[in-house]
There are 2 protein chains.
Amino acid sequence: MTGAVLERKSGVALWRQIADLIRSDIATGVAGQDGRLPPEMELAKRYSVNRHTVRSAIAALEQEGVLRSEQGRGTFVRRRKRLSYPIAKRTRFSAGLGNQAGSTLTRLLESMEESASQTVADNLGVPAGDPVIRLDTVSEADGLPVSRATSWFDASRFAGIDEAFGEHASITKALSACGVTDYVRKSTTIEARHASADDIRLLRLSAGAIVLVTRAVNTDSDGNPIQYAESRFAADRVELKIESD
Amino acid sequence: MTGAVLERKSGVALWRQIADLIRSDIATGVAGQDGRLPPEMELAKRYSVNRHTVRSAIAALEQEGVLRSEQGRGTFVRRRKRLSYPIAKRTRFSAGLGNQAGSTLTRLLESMEESASQTVADNLGVPAGDPVIRLDTVSEADGLPVSRATSWFDASRFAGIDEAFGEHASITKALSACGVTDYVRKSTTIEARHASADDIRLLRLSAGAIVLVTRAVNTDSDGNPIQYAESRFAADRVELKIESD
DNA sequence: CAAATTTGTCTATTGTTATAGACAACCAAA
DNA sequence: TTTGGTTGTCTATAACAATAGACAAATTTG
């Protein structure tokens, strides 16, 4: 809102920096409260750039589906607030976002059996090289991708979980079909990085976007690890909320 | 590691994308395990770009202190792994990083009394406009900035906490001097965004870097809010780790 | 309807980014 | 000391990013 200072010759084009600022201001409610963006000339003045540079930023956000421009009328906001994804002992995708989004959906991209890498083995508590089942999924809220995840399960205990997921389209239900009626989250690490080419494709992001990466271990009620998952959230569309108990 | 696909005309210069990839690969241990980077020609081949483009990326990382090039010998890694910052009920900066870093330090940038914004008021449980004390701090580990934070306290209850912080250089000790012997974290939200100009300056980042933004409320043992804090972590240097209990 | 406001399109110029090739400077090892 | 591998510097050219100005096209307001 203030005379935000943009970085020149930083390797990040001004139009992209401005697009990121506007997207963020919309997500936090700083801008677009009335449903419309200020005129291009005003934005150009605010950021001390040429009107054409602002137009490039708006064009990018229009491509993303955040804005919509109409000749003679103005530029309008199409999507507003960020979703808040809760991380707690009992974290489940649809339940957590249920009250914020109209519809939620988790799609299976791929499932396969592979041998456990060192990281996966450590987190699942099995020897490295043991067979594990990997599920690649994408979760959407209101038709827009919110996160993608890769989950690993011990193949000896969870044989057939891929098919169970195919039937129920839900990790919770698939686990239930495998005899796990309850599970809790043991630990989560969070980092942030620029989206990879895969992230951009699968989450329908723009280049230069940011993803929040979480790595989590879920355990059954006896404390045995049952699932290790690496998730990537579109940082524009979601924030993570940790509730202590 | 693989033939990572770079995005052209994305508003993010190729040299910056490559710098981000290399930095990330070093942080995760994918690259530079032997302490040195592959030759420039090899990297140029891997990313399918000109050698000069790779050189720009390396120059940026050299400026950041991540790499060091020596003519005739090669390019070497100066900093390796990311710190892991724990978020739990009892989160304290120096205690959490103590075992990972040699020295930790929190410096006071500014302190002032102001009237509570709506957000601050909501989180501290005081009426909007009430006087609050704001502390702006930067925390360092081994001489490198890790995070910056803005904290707010109810001025009526914590008068003089700015001076107490000046004496002890620790939030925990300053609170203790104000009669709060224990406090717990009630909630934390996490988001990720590109670093602002201020972030870049105070955390000594490069343009286009990512920050993890956390907003947390700490309460005393009776459950009364005592501190609301907005922190920004350099995503290259730290990950957040949430332990369920 | 006329005027004011706003987005859309076009031309032109300058600075930054990326590519290409050549060679110098330096280091380590044969 | 010679050779091969590596980083450092220079020149030149093409593609992209940013600035500047002008005017068209569409909408709203008076």
Assign each of Arg51(A) and Leu37(B) to its nearest nucleotide of DNA chain D by heavy atoms, then name whichever residue's nucleotide is nearer the 5' end. Leu37(B)
Output a table of nitrogen or oxygen pairs between the protein and nucleotides 28-30 of chain C separated by less than 3.5 Å.
residue : atom : partner  : partner atom : Å
dA28(C) : OP1  : Arg73(B) : NH1          : 3.1

Please state how far atom [atom1] in [X] lies from atom [atom2] in [N], giving the value in whole angstrom units.
X: Gln71(A); N: dT7(C); atom1: CD; atom2: P; answer: 10 Å
X: Tyr47(B); N: dT19(C); atom1: OH; atom2: P; answer: 14 Å
X: Leu14(A); N: dT17(C); atom1: CG; atom2: C1'; answer: 13 Å
X: Leu67(A); N: dT6(C); atom1: CG; atom2: C1'; answer: 15 Å
X: Glu70(B); N: dA25(C); atom1: CD; atom2: C1'; answer: 14 Å
X: Lys45(A); N: dT6(C); atom1: NZ; atom2: P; answer: 12 Å
X: His52(A); N: dT7(C); atom1: NE2; atom2: C1'; answer: 12 Å

Got a sec, which residues hit side chain to side chain contact (heavy atoms under 4.5 Å, CB included) with [X], two or more places apart in sequence or on another chain?
X: Ser48(A); answer: none
X: Glu42(A); answer: Pro38(A), Pro39(A), Arg46(A)
X: Arg201(A); answer: Asp198(A)
X: Glu230(A); answer: Trp152(A), Arg215(A), Tyr228(A)

First and last nucleotide of DNA chain D in contact with chain A, 5' to 3', at under 4.0 Å to a heavy atom: what are they?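 Both ends considered, the range comes out as dA17(D) to dT28(D).
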Donor on one side chain, acceptor on other, Asp122(B) and Thr119(B), under 3.5 Å: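 Per modelled atom types, Asp122(B) and Thr119(B) side chains form no pair under 3.5 Å.
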I'd like to check the salt bridge (charged side-chain N to carboxylate O under 4.0 Å, His left out) partners of [X]; sequence neighbours left out, ordered by chain and number.
X: Asp162(A); result: none
X: Asp130(B); result: none
X: Asp136(B); result: Arg134(B)

Pairs involving residues 65-75 of chain B, ordered by first then second residue, that meet side chain to side chain donor-acceptor pair (under 3.5 Å) (sequence neighbours left out):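 Sorted result for residues 65-75 of chain B: Arg68(B)-Glu70(B), Ser69(B)-Thr75(B), Glu70(B)-Arg73(B).
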More 5' along DNA chain C: Ser56(B) or Pro39(A), using each one's nearest nucleotide? Pro39(A)
Please name the pair of heavy atoms, one in Leu37(A) and one in Ile22(A), separated by the smallest distance, quoted to 0.1 Å. CD1-CG2, 4.0 Å
For the helix from dC1(C)-dG30(D) to dA30(C)-dT1(D), what is the angle between the axes at its two ends, each from 5 pairs, rounded to 10°?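 Answer rounded to 10°: the end axes differ by 30°.
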Taken in chain and number order and not counting sequence neighbours, the residues that satisfy ring-ring contact (aromatic ring centres under 6.0 Å, His included) with Phe165(B) are none
Students often get this wrong, so: under 4.0 angstrom with heavy atoms, is Thr75(A) touching a base, only sugar-phosphate, or nothing? sugar-phosphate
